[in-house]
Amino acid sequence: MYKVGITGGIGSGKTTACKVFEVLGIPVFYADTVAKEIMTKDALLIEGVKTAFGNESYFEDGKLNNKHIAGIVFNNEKALAQLNALVHPAVFRAFDAWEATIPSTVPYTLKEAAILFESGSYKMCDTTILVTAPYDVKIKRLMQRDGVTEAQIKARMDKQLSDEQKGKLADHFIVNDEEQSIIEQVLALHKHFLQIAEELKRFEC
Ligand code: ATP
C-alpha cells in the first residue's frame, strides 16, 4: 500500500493536518504515540531495554521507570542512540502489524512522526509531507497548548532538524500559518495521492 510520511516541527500542526486526512477516511499511524505504548508491550523491546539499561528500567508491575531511563539518556548521546536503536525497529514492527490490518480498499496510509527525517524512517515511505508554520505562530500555539515558556520550547526545537534542513528531504508541504487554509492544502494532496493510488492499482492489474 502507498505510504505517506508526515512530519513537522513541534507546534507546526502535523497532528491537526492528520486529523483532516482522517476525516477523509485515511488511516493514520501516530508513531510517537505508538513508541510510548510499545515500551511496555513489545517483549523484544522490553528485553533489549532491560539488557541495555538494567532490570530497574521497569517496575515490578511492568510499568516503565521513566525517571531511570531519562537519568541515563539525558545528556548522554551514546545511551540515547542505544535507546533509539531499540525503539525504532520496534516502531517499524508495530507499523507493519498495523498496516496488515488496513483493508485493501484503503487507497493509502499516513505515518505521522516528529522525527521522520532524523530517524531515517522517511526512507520506508513512498513520499513525504512537511508541515511548517512561522516561528512566532508555533511559539504562540505551544505556550497556549502546553503552558510552557518560549525558552523551553526553543530548547526542544533545537534538538530537531530545522524546517530548512527537513525541507530539502520533503516531497510535499503544508503551510499551516493560519492564513492559508490547511483544509484546502490537505484536500489538494489527498486528490494527488488518490490519483497515484489509482495508477498503482491499474499497474498491478
Ligand atoms: P507537537 O509535535 O508538539 O505535538 P504538532 O505539530 O502535532 O505538535 P498540533 O498538535 O497539531 O501540532 O498543533 C499544536 C497546537 O496548535 C494545537 O493546540 C492545535 O490545536 C493548534 N493549531 C494547529 N494548527 C492550527 C490552526 N491552523 N489554527 C489554529 N490552531 C491550530
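We count ligands from 1, going down the list as the structure has it; atoms in each ligand are counted the same way. All values derive from a computational prediction rather than experimental measurement. Below, all heavy atoms of this structure are taken into account, side chains as well, without hydrogens, waters or symmetry copies.
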Participant: Salt-bridged, Glu22 to Lys19, with N to O below 4.0 Å?
Facilitator: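 A salt bridge is present here (some side-chain N lies under 4.0 Å from a carboxylate O).
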Participant: Which of the atoms of ligand 1 are close to Gly13, meaning less than 4.0 Å from one of its heavy atoms?
Facilitator: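 Matching atoms, with element in brackets: 5 (P), 6 (O), 9 (P), 11 (O), 12 (O), 13 (O).
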Participant: Strictly below 4.0 Å, N to O, side chains only: are Glu118 and Lys159 in salt-bridge contact?
Facilitator: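 No salt bridge links Glu118 with Lys159.
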Participant: Rounded to the nearest 0.5 Å, what's the gap from CD1 on Ile102 to OG1 on Thr109? Could you check?
Facilitator: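 Here the interatomic distance stands at 7.0 Å.
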Participant: May I ask you to check whether Asp171 and Thr127 show a side-chain donor-acceptor distance below 3.5 Å?
Facilitator: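 Their side chains do contain a donor-acceptor pair, which is all the 3.5 Å distance test asks for.
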Participant: Geometry only, no angles: is Thr16 polar-contacting ligand 1 at N/O separations under 3.5 Å?
Facilitator: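 There is such a contact, yes.
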Participant: So between Glu178, Lys138, Arg145, whose heavy atom ends up nearest atom 30 (N) of ligand 1?
Facilitator: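 Nearest option to atom 30 (N) of ligand 1, by heavy atoms: Glu178.
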Participant: I'd like to check whether Gly8 has a polar contact with ligand 1, where a contact means an N/O of the residue lying under 3.5 Å from an N/O of the ligand.
Facilitator: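 The answer is no, given that Gly8 and ligand 1 share no N or O pair closer than 3.5 Å.
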Participant: Counting only nitrogen or oxygen atoms and a 3.5 angstrom limit, does Ile182 reach ligand 1?
Facilitator: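 In this structure, Ile182 places no N or O atom under 3.5 Å from an N or O of ligand 1.
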Participant: Hey, are Lys111 and Glu99 close enough for a salt bridge, meaning a charged N less than 4.0 Å from a carboxylate O?
Facilitator: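 The answer is no: the pair does not qualify as a salt bridge.
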Participant: Could you list the atoms of ligand 1 found under 4.0 angstrom from a heavy atom of Ile10?
Facilitator: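 So the answer, numbered in order with elements, is 2 (O), 3 (O).
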Participant: Before we go on, tell me: are the rings of His68 and Phe59 under 6.0 Å apart, centre to centre?
Facilitator: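 For His68 and Phe59, the ring centres are not under 6.0 Å apart.
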Participant: Looking only at protein heavy atoms, which one is nearest to atom 8 (O) of ligand 1, and what is the separation?
Facilitator: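 The closest heavy atom on the protein side is Gly11 N, 3.1 Å.
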Participant: Is the shortest distance from a Lys or Arg side-chain nitrogen in Arg141 or Asp146 to a carboxylate oxygen in the other one below 4.0 Å?
Facilitator: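 Not counted as a salt bridge, because no side-chain N and carboxylate O are separated by less than 4.0 Å.
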Participant: At a 4.0 Å threshold, what atoms of ligand 1 neighbour a non-hydrogen atom of Gly9?
Facilitator: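 Those of ligand 1 that fall under 4.0 Å from Gly9 are 6 (O).
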Participant: What is the nearest protein non-hydrogen atom to atom 2 (O) of ligand 1, stated with its residue, atom name and distance?
Facilitator: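 Protein heavy atom with the smallest distance to atom 2 (O) of ligand 1: Lys14 NZ, 2.5 Å.
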Participant: Strictly below 4.0 Å, N to O, side chains only: are Lys36 and Asp32 in salt-bridge contact?
Facilitator: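 The answer is no: the pair does not qualify as a salt bridge.
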Participant: Go through ligand 1 atom by atom and flag the ones less than 4.0 Å from a non-hydrogen atom of Arg141.
Facilitator: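 Heavy-atom distances to Arg141 below 4.0 Å select 15 (C), 16 (O), 21 (C), 22 (N), 23 (C), 24 (N), 25 (C), 26 (C), 27 (N), 31 (C).
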Participant: Using a strict cut-off of 4.0 Å, indicate which atoms of ligand 1 neighbour a heavy atom of Asn176.
Facilitator: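 That gives atoms 23 (C), 24 (N), 25 (C), 26 (C), 27 (N) of ligand 1.
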Participant: Counting from 1, what ligand 1 atoms have a heavy atom of Thr15 closer than 4.0 Å?
Facilitator: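 Selected atoms, number and element: 7 (O), 11 (O).
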